[in-house]
There are 2 protein chains.
Amino acid sequence: MSQPRLLLVEDDQALAELVEFRFKAEGYAVTRTDDGDEALLLATEQVPDVVILDWMIEGTSGIEVCRRLRRDKQTAHVPIVMLTAREAEDDRVRGLETGADDYVTKPFSPRELVARVNAIMRRIRPALAGEVLAVGDLTLDATAHRVTRRGTTIALGPTEFRLLRHFMEHPGRVFSRNQLLDAVWGNGSDIELRTVDVHIRRLRKGIELPGVPDPVRTVRSAGYSLEAV
Amino acid sequence: MSQPRLLLVEDDQALAELVEFRFKAEGYAVTRTDDGDEALLLATEQVPDVVILDWMIEGTSGIEVCRRLRRDKQTAHVPIVMLTAREAEDDRVRGLETGADDYVTKPFSPRELVARVNAIMRRIRPALAGEVLAVGDLTLDATAHRVTRRGTTIALGPTEFRLLRHFMEHPGRVFSRNQLLDAVWGNGSDIELRTVDVHIRRLRKGIELPGVPDPVRTVRSAGYSLEAV
DNA sequence: ATGAAGGTGTCACGATTGTTTCACAGAGCG
DNA sequence: CGCTCTGTGAAACAATCGTGACACCTTCAT
């Protein structure tokens with residue numbers, strides 16, 4: 001699920017095996033084929049997160065596969081890295097203009113290819129780059145300002161949102177009311193300590209689901225913490 | 001305003017001029033500097049859409065500039081294309097791992113560089129690459145200046161159009177009023193924050209359809225975002 | 001030029017929503 | 001059992017947002 005899916009289209013078996021091995025070690029789920037038409041089928045069947053595509057392959061040529069992937073709405077936005085033996089600049093430019101996102105010339109080092117694909121993934125799926133916090137069954141997307149629990153979206157007030165974010169940034173850790181006031185309200189706020197309790201309650205009320213235990217733990221005479229459920 | 005902004009950091013004057021010329025011809029707004037520290041300043045002052053960065057420059061080294069751009073939250077997501085004379089694979093990989101998005105080895109052809117940067121722009125700001133944006137039931141064609149919802153064409157004022165385009169380029173993401181002023185009005189505009197509200201309302205009014213929920217989400221004390229409906 | 005039409009930026013007011021405090025009930029603990 | 005600490009409802013208070021009105025500015029055709 002959180003493994004990025006990679007579709008590798010390469011007809012040099014030895015090379016394909018090497019690349020597949022390296023990307024599996026990097027945590028990718030790799031699907032491999034040596035045929036252009038089959039690649040298109042596989043891509044629509046289960047849309048990959050990134051495609052590595054040899055320029056010269058059997059069946060449909062690499063550049064044609066690239067064009068078709070772009071034309072299908074389903075796969076139009078999947079990043080493509082072209083792979084080729086050619087040195088000619090014209091081909092490189094043509095590849096990029098056809099819609100490839102990057103271009104690597106053979107011979108290349110697997111390490112560089114991995115680095116390039118990782119660079120693309122960083123750009124495409126920020127969710128995998130750690131922009132979304134997840135603790136237990138809770139999920140918090142700071143840029144979208146969105147919280148989910150077990151898949152259902154949850155509405156929180158501004159303070160409850162900041163409170164939860166702070167807890168999720170330090171899961172399991174216990175914070176005193178004073179620490180929470182500093183972290184969530186900003187230091188220098190002269191607010192009644194017990195006010196924290198009220199917001200804790202509202203946070204609890206916000207994220208509660210029937211039949212699911214409360215992840216906010218009260219630590220008597222110490223403070224509160226968020227536990228993974 | 002709707003021109004993509006490119007920051008070019010290169011100390012070879014002749015080369016820099018050539019590159020600047022080519023990208024201006026491509027419709028980019030180019031800012032040029034030969035100093036690493038100045039580059040960082042310029043980048044935070046007005047966040048560019050893409051950075052072309054020479055590895056070896058005066059002041060702070062290219063790789064250090066790259067690292068610092070990544071560290072600053074404001075510029076962390078800006079794509080960086082590294083430029084270098086070195087052929088060594090180690091350097092290329094190091095560059096990519098530092099956070100560069102792409103890598104071009106000198107000598108390179110301006111045409112290839114342009115193609116690579118365009119490939120990146122297609123990803124980052126599709127509207128500027130002449131693509132049609134689609135979010136939920138909304139459709140926006142930047143070149144034709146046309147917006148549709150559920151097939152029906154919609155008339156929007158210039159500001160509302162830019163506002164919607166910006167939202168559609170980053171669907172789901174929440175923008176504060178300040179961020180919207182920077183992105184849609186251009187930074188340096190000393191406009192009342194609440195004016196954004198008024199244009200949000202005009203945008204809502206413009207795209208509303210009877211019986212269809214409003215895709216513009218208000219996030220109290222945070223800003224606004226566009227949700228797919 | 002001139003007027004009409006449309007777009008833009010401000011403001012003020014009311015409505016909505018969120019925040020803080022307080023008092024009391026109840027839970028935990030020795 | 002008595003003490004301390006926490007949960008909770010309600011109410012006063014505060015911040016934020018939506019909206020209509022309006023003055024001013026462009027644009028554009030006459």
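Below, chains carry the letters A, B, ... as their sequence lines are ordered, and counting in each starts from 1. A quick note: this is a predicted structure, and the numbers were derived from the prediction, not measured.
- Distances from the side chain of Arg201(B) to the nucleotides dG9(D), dG20(D), dC22(C) place dG20(D) closest.
- If you measure from atom CG of Leu203(A) to atom C1' of dT20(C), you get 17 Å, rounded to the nearest angstrom.
- Across the interface with DNA chain C, nearest-nucleotide mapping of Leu156(B) and Gly157(A) shows Leu156(B) to be the residue nearer the 5′ end.
- Using a 4.0 Å heavy-atom criterion, one finds that Ile200(A) contacts no nucleic acid atom at all.
- The closest side-chain donor-acceptor pair between Thr143(A) and Asp141(A) falls under 3.5 angstrom.
- Side-chain atoms of Thr218(B) and Arg204(B) include a donor-acceptor pair closer than 3.5 Å.
- Remark on DNA chain D: of its neighbouring residues Arg220(A) and Ala222(B), the 5'-side contact belongs to Arg220(A), judged by nearest-heavy-atom nucleotide.
- A close approach under 4.0 Å does occur between a side-chain nitrogen or oxygen of Arg202(A) and OP1 or OP2 of dT19(C).
- To the nearest angstrom, P of dA15(D) lies 13 Å from CZ of Arg162(A).
- A sub-4.0 Å separation between OP1 or OP2 of dG7(D) and a side-chain N or O of Arg204(A) is present.
- When distances are taken from the side chain of Asp197(B) to each of dC17(D), dG7(C), dT10(C), the shortest belongs to dC17(D).
- The number of heavy-atom neighbours closer than 6.0 Å to CD of Glu227(A), taken from other residues, nucleotides and ligands shown, is above 12.
- Comparing dG7(D), dT19(C), dT20(C) against the side chain of Thr195(A) picks out dT20(C) as the nearest.
- Side-chain N/O atoms of Arg194(B) include none lying less than 4.0 angstrom from OP1 or OP2 on dA12(C).
- With contacts defined as side-chain heavy-atom distances shorter than 4.5 Å, the pair Asp54(B)/Asp12(B) does not qualify.
- Between dT20(C) and Trp185(A), a contact under 4.0 Å exists linking OP1 or OP2 to a side-chain N or O.
- Distance CG (Leu180(B)) to P (dT8(C)): 15 Å, rounded to an integer number of Å.
- The closest side-chain heavy-atom distance from Thr75(A) to Arg68(A) is not below 4.5 Å.
- Comparing atom distances between the Thr159(A) side chain and each of dA12(C), dG18(C), dT6(D) picks out dG18(C) as nearest.
- Look at Thr218(B) and you'll find a side-chain N or O under 4.0 angstrom from OP1 or OP2 of dG18(D).
- Phe161(B) has its CZ atom 16 Å from the C1' atom of dG7(C), to the nearest Å.
- Residue-to-nucleotide proximity on DNA chain C shows that, of Pro158(A) and His199(B), the 5′-proximal contact is made by His199(B).
- Within 6.0 Å of atom CZ in Arg217(B), more than 12 heavy atoms from other residues, nucleotides or ligands are found, so the atom counts as buried in its surroundings.
- Atom CD of Glu160(B) and atom C1' of dT8(C) are 9 Å apart (whole Å).
- Taking 4.0 angstrom as the limit, Tyr224(B) places a side-chain polar atom (N or O) nearer than this to OP1 or OP2 of dG18(D).
- dC13(D) atom P lies 17 Å from atom CD1 of Ile191(A), rounded to whole Å.
- Rounded to whole Å, atom C1' of dT19(C) lies 13 Å from atom CG of Leu163(A).
- Here the side chain of Lys205(A) is nearest to one of dG9(D), dT6(D), dA12(C), namely dG9(D).
- If you measure from atom CD of Glu208(B) to atom P of dG18(D), you get 14 Å, rounded to the nearest angstrom.
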